[in-house]
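All residue numbers in this chain count up from 1 along the given sequence.
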Amino acid sequence: MPVLTEGDLDIVGQIGVASNLTLVCEIAAPEPDGAPLRVVYKPVRGERPLWDFPDGTLAGREVASYLISEHLGWGVIPETVLRDGPLGPGMVQRWVTSVDNRTDARQRLDLVDLCTPGTVPEGFCEVLRALDEQGNEVSLIHADDPRLQRMAVLDLLLNNADRKGGHALEGVDGQVYGVDHGICLHTEPKLRTVLWGWAGRPVHESLIPDITTFAANLPGAVADSLAIHITDAEITALTERAKALLDHPVMPIPNSSRPIPWPAF
């Protein structure tokens with residue numbers, strides 16, 4: 001998408017709840033009568049330092065995560081590039097227009113949502129039970145949806161340390177997209193996700209051929225495309241995760257003291 005990499009970024013807003021500086025921008029369409037392209041722009045200079053990830057690397061990890069999704073052929077992550085912008089180099093990603101379930105007369109649940117314990121609807125998985133801010137018991141649930149399970153498998157490969165509920169979006173185009181992959185691809189186990197509902201269940205058989213092809217191309221052309229954004233050690237760890245998943249194609253069971261990111265949404 002040349003307009004994503006070449007068009008001038010016009011800042012139109014800021015996402016205030018984001019941990020790092022996250023700006024909403026528009027890029028003018030090449031044709032005079034075309035609609036502008038809305039994007040998310042995260043400048044490197046706006047990244048908050050983290051104790052376990054090197055400074056200034058989050059934007060590159062977002063791009064590397066997108067490339068991995070593309071090499072798998074899954075299209076889970078919207079188009080993402082590393083380019084210059086008004087505040088310097090940063091990650092630029094196509095904006096996803098998501099379904100607003102709360103305007104539906106049926107008040108459909110989101111892909112990741114909360115419900116009263118014991119009332120988990122059909123087609124959803126219960127992840128855990130906890131107390132909300134008012135002290136009421138709630139169940140954290142997510143859709144038992146193959147589009148979402150594909151995202152969960154991608155998170156295993158990416159070693160995603162921050163899959164919050166709001167990072168899984170159901171687009172108006174019918175696709176399910178994942179966003180916010182700045183703290184992925186660490187060499188050490190870091191998986192933190194709200195998508196634990198498939199724990200202990202087999203990875204869907206339709207995903208295995210894609211993972212097999214992906215693993216076969218690492219190292220190789222895939223590694224070459226990632227080397228700009230992550231280290232050789234991180235590429236090696238990615239390769240090992242892919243091979244381990246093929247050796248035992250089962251969704252993992254939480255085995256750390258912090259298996260879910262906080263806040264969960």
Side-chain angles (χ1 to χ4, degrees), residues 19-20 47-69 71-72 74 76-77 80 112 125-128 130 140 142 148-168 178-204 207-208 210-212 214-219 222-223 225-227 229-265:
S19 300
N20 301 296
E47 294 178 4
R48 185 181 64 178
L50 299 170
W51 70 269
D52 52 349
F53 283 81
D55 292 349
T57 67
L58 305 193
R61 293 175 192 279
E62 296 244 29
V63 178
S65 297
Y66 161 71
L67 291 174
I68 291 166
S69 171
H71 284 303
L72 285 160
W74 291 354
V76 172
I77 301 175
T80 310
V112 183
C125 303
E126 185 177 44
V127 177
L128 59 77
L140 174 64
H142 66 67
L148 197 60
Q149 192 193 34
R150 183 173 61 179
M151 181 187 298
V153 175
L154 177 62
D155 285 341
L156 299 183
L157 296 171
L158 297 179
N159 194 20
N160 191 349
D162 194 35
R163 176 63 74 200
K164 293 183 171 72
H167 297 167
V179 298
D180 209 348
H181 298 89
I183 51 176
C184 289
L185 298 165
H186 202 286
T187 56
E188 300 174 5
K190 294 282 184 181
L191 184 63
R192 289 192 293 270
T193 176
V194 295
L195 303 179
W196 286 113
W198 296 286
R201 289 165 54 179
V203 172
H204 197 279
L207 303 177
I208 300 301
D210 296 333
I211 302 170
T212 301
F214 175 77
N217 291 326
L218 270 168
V222 176
S225 71
L226 300 177
H229 307 292
I230 58 177
T231 67
D232 289 347
E234 289 164 342
I235 294 173
T236 298
L238 168 65
T239 306
E240 292 171 350
R241 289 193 296 272
K243 291 180 178 178
L245 188 58
L246 290 173
D247 290 341
H248 185 61
V250 174
M251 301 297 284
I253 295 173
N255 60 2
S256 72
S257 60
R258 289 187 58 205
I260 294 177
W262 185 259
F265 290 89

Chemist: Any sub-3.5 Å donor-acceptor pair from W74's side-chain atoms to D210's backbone N or O?
Modeler: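 Not at all, since once roles are kept as given, no pair shorter than 3.5 Å links the two residues.
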Chemist: Can you check whether T57 reaches H229 side chain to side chain, under 4.5 Å on heavy atoms?
Modeler: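 A side-chain contact is absent here, since even the closest heavy-atom pair is not under 4.5 Å.
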Chemist: So, do I235 and P219 sit near enough that their side-chain heavy atoms are less than 4.5 Å apart?
Modeler: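 I235 does not reach P219 side chain to side chain.
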Chemist: Indicate the atoms forming the closest heavy-atom contact of K164 with V194, along with that distance.
Modeler: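 Closest approach of K164 to V194: C-CG2, 4.0 Å.
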Chemist: Does any donor atom in the side chain of H181 or T80 lie under 3.5 Å from an acceptor atom in the other side chain?
Modeler: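 No, no side-chain donor-acceptor pair sits under 3.5 Å.
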Chemist: Within this structure, what is the CD1-CG distance for the pair I260 and D162, rounded to the nearest 0.5 Å?
Modeler: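 Output value for this atom pair is 12.5 Å.
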Chemist: Donor-acceptor pair, S69 side chain versus V76 backbone, under 3.5 Å?
Modeler: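 A pair under 3.5 Å: yes.
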Chemist: Under a 3.5 Å cutoff, is there a donor and acceptor pairing between the side chains of N159 and H186?
Modeler: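 Side chains of N159 and H186: no pair found under 3.5 Å.
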Chemist: Let me confirm one number: the CD1-CG distance from I68 to L158, rounded to the nearest 0.5 Å.
Modeler: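 Rounded to the nearest 0.5 Å, the CD1-CG separation comes to 5.0 Å.
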Chemist: So do the side chains of L185 and F53 get within less than 4.5 Å of each other, counting heavy atoms only?
Modeler: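 The answer is no, as the side chains (C-beta and beyond) never meet within the 4.5 Å cut-off.
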Chemist: Scan D180, N160, D155 and name whichever one has a side-chain hydrogen bond (donor to acceptor under 3.5 Å, both in side chains) with H167.
Modeler: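 The residue from D180, N160, D155 that satisfies side-chain hydrogen bond (donor to acceptor under 3.5 Å, both in side chains) with H167 turns out to be D180.
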Chemist: Do you know the tightest heavy-atom contact between I230 and A64?
Modeler: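 Heavy atoms only, the tightest pair is CG2-CB, 4.0 Å.
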Chemist: Where do L140 and E126 land on the side chain to side chain contact (heavy atoms under 4.5 Å, CB included) test, with the steps shown first?
Modeler: CA-CA 6 Å; L140 174 64; E126 185 177 44; over 6 Å; no
Chemist: Tell me whether H142 contacts the main-chain N or O of G197 through its side chain, where contact means a donor paired with an acceptor under 3.5 Å.
Modeler: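 Looks like yes, one N/O pair under 3.5 Å.
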Chemist: Does any non-hydrogen side-chain atom of E234 lie less than 4.5 Å from one of R61?
Modeler: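 Yes, at least one pair of side-chain atoms sits under 4.5 Å.
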Chemist: Can you find a pair of side-chain heavy atoms, one from R201 and one from C125, that are under 4.5 Å apart?
Modeler: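 A side-chain contact exists here, since the closest heavy-atom pair is under 4.5 Å.
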Chemist: Between A168 and L148, which heavy-atom pair has the shortest distance, and what is it?
Modeler: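 The answer is CB-CD1, 4.0 Å.
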Chemist: If you define the side chain from C-beta out and look only at heavy atoms, does anything of L156 sit under 4.5 Å from T193?
Modeler: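 Counting from C-beta outward, L156 and T193 never come under 4.5 Å.
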Chemist: To the nearest 0.5 angstrom, please state how far the CD1 atom of I211 sits from the CG atom of L246.
Modeler: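 If we round to the nearest 0.5 Å, I211:CD1 and L246:CG are 6.0 Å apart.
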Chemist: Hey, mind stepping through L67 and V222 against side chain to side chain contact (heavy atoms under 4.5 Å, CB included) and telling me if it holds?
Modeler: CA-CA 8 Å; L67 291 174; V222 176; over 6 Å; no
Chemist: Looking only at non-hydrogen atoms, find the nearest pair between S225 and H71 and report the distance.
Modeler: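 In terms of heavy atoms, the two residues are closest at OG-NE2, 3.0 Å.
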Chemist: Test of understanding: with ring pair (Phe, Tyr, Trp, His ring centres under 6.0 Å), list the residues that count as partners of F214, not counting sequence neighbours.
Modeler: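 Listed in chain order: nothing, the list is empty.
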Chemist: Of all heavy-atom pairs between R163 and G178, which one has the smallest distance, and what is that distance?
Modeler: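 R163 and G178 have their closest heavy atoms at NH1-CA, 3.6 Å.
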Chemist: Listed by chain and number, what are the side chain to side chain contact (heavy atoms under 4.5 Å, CB included) partners of A161, not counting sequence neighbours?
Modeler: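 Side chain to side chain contact (heavy atoms under 4.5 Å, CB included) check on A161 returns I183, K190, R192.
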Chemist: Using every non-hydrogen atom in the two residues, find where W196 and P252 come nearest and quote the distance to one decimal.
Modeler: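 Closest approach of W196 to P252, heavy atoms only: CZ3-O, 3.5 Å.
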Chemist: I need the full list of salt bridge (Lys or Arg N to Asp or Glu O under 4.0 Å) pairs touching residues 239-260, with sequence neighbours left out, sorted by first then second residue.
Modeler: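 Output for this query is empty, none listed.
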Chemist: Look up atom CG in L226 and atom CG in D232, then write down how far apart they are to the nearest 0.5 Å.
Modeler: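 The distance works out to 11.0 Å.
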Chemist: Just how far is it from atom CD1 of I208 to atom CG of L245, taken to the nearest 0.5 Å?
Modeler: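 Answer for the CD1-CG pair, I208 versus L245, is 6.0 Å.
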